[in-house]
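One structure is given here, and the rest of the page talks about it.
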Amino acid sequence: MTDRANSSLNPPPNQGAAPSRSSVTLTEVQLEQIRRLVAVGRAESVDEYVGAAVAERLERDRSLTELQDLFERKGQGPSAEHLAWAREVLGVEDPEART
């Protein structure tokens with residue numbers, strides 16, 4: 001059993017706090033949508049919008065990793081009923097239902 005909740009998804013506080021540059025490829029449609037949001041004041045800039053989206057995704061992935069680790073420590077996973085409820089609440093598809 002690994003303690004993924006304390007893995008690289010959970011860096012020490014203030015580690016990597018200084019911004020650094022990276023290149024990200026977006027579709028023209030995505031970039032135009034973000035620029036429209038910036039133009040109407042829904043985001044400060046394209047960089048801010050993308051940074052916020054990445055931060056949200058990292059937090060979600062960290063939380064999911066922590067949850068999975070807790071289930072492993074307990075020795076069981078969520079029931080099919082729990083998973084169906086979570087999918088309904090979150091509005092996501094069952095990946096196994098795709099055929």
Side-chain angles (χ1 to χ4, degrees):
M1 174 175 70
T2 63
D3 189 6
R4 288 186 304 267
N6 292 316
S7 69
S8 62
L9 290 176
N10 255 348
N14 297 324
Q15 179 180 341
S20 63
R21 290 291 227 190
S22 181
S23 176
V24 177
T25 302
L26 301 172
T27 67
E28 286 295 325
V29 171
Q30 290 170 325
L31 189 54
E32 184 54 37
Q33 289 174 332
I34 296 169
R35 286 180 176 147
R36 278 189 242 138
L37 292 169
V38 170
V40 297
R42 299 275 311 270
E44 289 183 32
S45 66
V46 172
D47 284 349
E48 184 272 334
Y49 186 91
V50 172
V54 169
E56 183 178 317
R57 175 68 186 264
L58 287 171
E59 177 59 23
R60 184 185 79 189
D61 288 345
R62 186 203 58 78
S63 296
L64 290 171
T65 299
E66 186 174 343
L67 182 61
Q68 185 175 3
D69 191 52
L70 290 171
F71 277 121
E72 284 181 7
R73 283 190 227 161
K74 190 175 178 184
Q76 66 186 43
S79 69
E81 181 181 344
H82 287 113
L83 292 173
W85 171 84
R87 283 188 200 93
E88 182 179 339
V89 168
L90 297 172
V92 296
E93 289 182 23
D94 181 353
E96 295 180 12
R98 292 184 210 162
T99 55

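Keep in mind that this is a model prediction, so the values were computed, not measured.
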Shared hydrophobic cluster for [X] and [Y] (ILVMFWY, side-chain gaps under 4.5 Å):
| X | Y | result |
| --- | --- | --- |
| Leu31 | Leu37 | yes |
| Leu64 | Trp85 | no |
| Val54 | Val24 | yes |

Under 4.5 Å between any side-chain heavy atoms of Leu83 and Arg87, yes or no? yes
Quick check for you: to the nearest 0.5 Å, what is the distance between [X] atom [atom1] and [Y] atom [atom2]?
| X | Y | atom1 | atom2 | value |
| --- | --- | --- | --- | --- |
| Glu32 | Leu26 | CD | CG | 12.0 Å |
| Thr65 | Asp69 | OG1 | CG | 8.5 Å |
| Arg35 | Glu28 | CZ | CD | 7.0 Å |
| Thr25 | Gln30 | OG1 | CD | 10.0 Å |

Do Glu48 side-chain atoms and Glu44 backbone N/O form a donor-acceptor pair below 3.5 Å?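 Yes: the side chain of Glu48 pairs with the backbone of Glu44.
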Do Asp47 and Arg21 sit within salt-bridge range, that is, some charged N less than 4.0 Å from a carboxylate O?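 A salt bridge is present here (some side-chain N lies under 4.0 Å from a carboxylate O).
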Is Arg60 salt-bridged to Glu56, cutoff N-O under 4.0 Å? no
Under the criterion side chain to side chain contact (heavy atoms under 4.5 Å, CB included), I'd like the reasoning laid out for Arg62 against Leu58: C-alpha separation, chi angles, the key distance, then a yes or no. CA-CA 6 Å; Arg62 186 203 58 78; Leu58 287 171; over 6 Å; no
How far apart are the closest heavy atoms of Val38 and Val46, and which atoms are they?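 Here Val38 and Val46 meet closest at CG2-N, 3.7 Å.
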